[in-house]
There are 2 protein chains.
Amino acid sequence: MLTGLEEKILQCITRYITQNGHAPTLVEIGQLLDIKSKGTVHRYVDSLIDKGHLQRSGRSWRGLRLTGEQSRRLLILPFAGRIAAGKPIEAIPEQLEINFSDMLLGEDRYVLEVKGDSMIDAGILDRDLVIVRETQTANNGDIVVALIDNGETTLKKLRKHGDRVELIPANQTMAPLIYPADRVHIQGVVVGQVRSY
Amino acid sequence: MLTGLEEKILQCITRYITQNGHAPTLVEIGQLLDIKSKGTVHRYVDSLIDKGHLQRSGRSWRGLRLTGEQSRRLLILPFAGRIAAGKPIEAIPEQLEINFSDMLLGEDRYVLEVKGDSMIDAGILDRDLVIVRETQTANNGDIVVALIDNGETTLKKLRKHGDRVELIPANQTMAPLIYPADRVHIQGVVVGQVRSY
DNA sequence: TACAAAGTTCTCCTTATGTTCTCTTTTTTA
DNA sequence: TAAAAAAGAGAACATAAGGAGAACTTTGTA
């Protein structure tokens, strides 16, 4: 179990290494985190080594290495920054980690696996998972799970026109479907999407 | 059987951990539930530990942990099945839940936010998050984080041709880039992708 | 080799947090 | 209605966490 500062120092080192390819010095860590004493930094680096999150390679300068050890108790990964074609990775100083629990999980949510290409232009591919929040109401533009005539189900973008609703696939080869509002029951809206390679 | 306050405190701690990635202090719990005395909070936390709903790691700050079912709930969502346009949702009896820890976490992984549309045809949109596994080697067809000339970075599909490598955008308006192999350094491969709406 | 830069080992300090009490009030239940 | 359980306040204390910096050793380099 890491303390607040241990956590911050580990994230700081992780990010520094992904950006620069080598570890920071103790003073550099201190500067990044606003700690004036390298003795203090050293103490925390030591405890991170004790706890198995870091390794020292010999006594050389910048000799810290990551062990890759990560807690599996929470859905948190280090955040390295933004990547745009043709530029260095841009670090976001305020955001050091991504908490997927916070982003994806919730009381009234469940997961569906998508079959088919009907939402491909919205970046939802065959076999992707989508996270759906259960609700009967949705807004224009939401991607919804809709039940039609109490039988078939579909995943489409929603547009309402008075007493009719339009269910719009995100695929240029498919046409939108228009139904009277009373034949379509919204079951939930898509709040997230996950793919693993 | 939990008393009313015990219930509230447990929920409060669970919510705090999902959102913040670490447990609250006694005073923070008090503030969230409008209890002024940390001694009182402490007493209820103690009884939650006695009843097996919480664990304490020594006397450390923020040292509370959830046990068993509670802690699993921070990693999973119920899995409802497959959705395909025009059919009922097909339930998969063997799979009742999705464990995001198994799907997303692993050694040497970090997260990048994607800027731009260069991978749009691969279902990776502007502002999506990708999970990258650090490695120097990659296979044909992998989506890689590549460092070019030790300066700029880019996210592209990889194809190797002997002593040259081709970096292929997934966007019909962009052309593939071909470089001598020694100018391109693979930093990692994309193993996952996440979007939240 | 001499010097600068970095790491190591200390000591001393402050503050935030957890722990242990006692006493009181409110709610539930027999 | 009396007793028990639950909820609450707060003081006093112990200790983990965070912080500064001096003095020293080791490593890298001009």
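- Nucleotide C:dT24 holds its P atom 21 Å from the CD1 atom of B:I35, rounded to whole Å.
- In this structure, B:K160 contributes its side chain and B:N139 its backbone to no donor-acceptor pair below 3.5 Å.
- In this structure, the CG atom of A:L2 is 13 Å from the C1' atom of D:dA17, given to the nearest Å.
- When the C1' atom of D:dA16 is taken as reference, atom CZ of B:R56 falls 14 Å away, rounded to whole Å.
- The distance between atom NE2 of B:H22 and atom P of C:dG18, rounded to the nearest whole Å, is 11 Å.
- A:H42 has its NE2 atom 12 Å from the C1' atom of C:dC10, to the nearest Å.
- Distances shown here put a side-chain N or O of B:T3 below 4.0 Å from the OP1 or OP2 atom of D:dA7.
- For D:dA7, one of the phosphate oxygens OP1 or OP2 lies less than 4.0 angstrom from a side-chain nitrogen or oxygen of B:Y44.
- Nearest-nucleotide assignment on DNA chain D puts the 5′-proximal partner with A:E6, out of A:E6 and A:G39.
- One can place CG of B:D46 at 15 Å from C1' of D:dA7, the figure rounded to the nearest angstrom.
- Checked for salt-bridge contact, B:R62 and A:E7 miss the test: no charged N lies under 4.0 Å from a carboxylate O.
- Between A:R183 and A:D149 there is a salt bridge, since at least one side-chain N of the basic residue sits less than 4.0 Å from a carboxylate O of the acidic one.
- Side-chain contact, B:T153 with B:Q187: no donor N or O sits under 3.5 Å from an acceptor N or O.
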Show your working on side-chain contact (heavy atoms from CB on, under 4.5 Å) between B:T14 and B:L74 and close with a plain yes or no. CA-CA 8 Å; B:T14 307; B:L74 301 185; 4.2 Å; yes
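- The shortest distance between the side-chain N/O atoms of A:K36 and the OP1/OP2 oxygens of D:dG19 is not below 4.0 Å.
- Heavy atoms of B:T40 sit under 4.0 angstrom from at least one base atom.
- Minimum atom distance to the side chain of B:R43 is reached by D:dA7, of the listed D:dA7, C:dT17, D:dG18.
- At the heavy-atom level, B:G4 lies under 4.0 Å from the strands shown only through sugar-phosphate atoms.
- Counting any heavy atom pair closer than 4.0 Å across all strands shown, B:L26 reaches a base atom.
- Straight-line distance from the NZ atom of B:K38 to the P atom of C:dT17: 8 Å, rounded to whole Å.
- Set against D:dA16, D:dA7, D:dA9, the side chain of B:L5 has D:dA7 as its closest nucleotide.
- Counting to the nearest Å, the C1' atom of D:dA7 and the NZ atom of B:K8 are 10 Å from each other.
- If you check D:dA17, C:dT20, C:dA4 against the side chain of B:R59, the one that comes closest is C:dT20.
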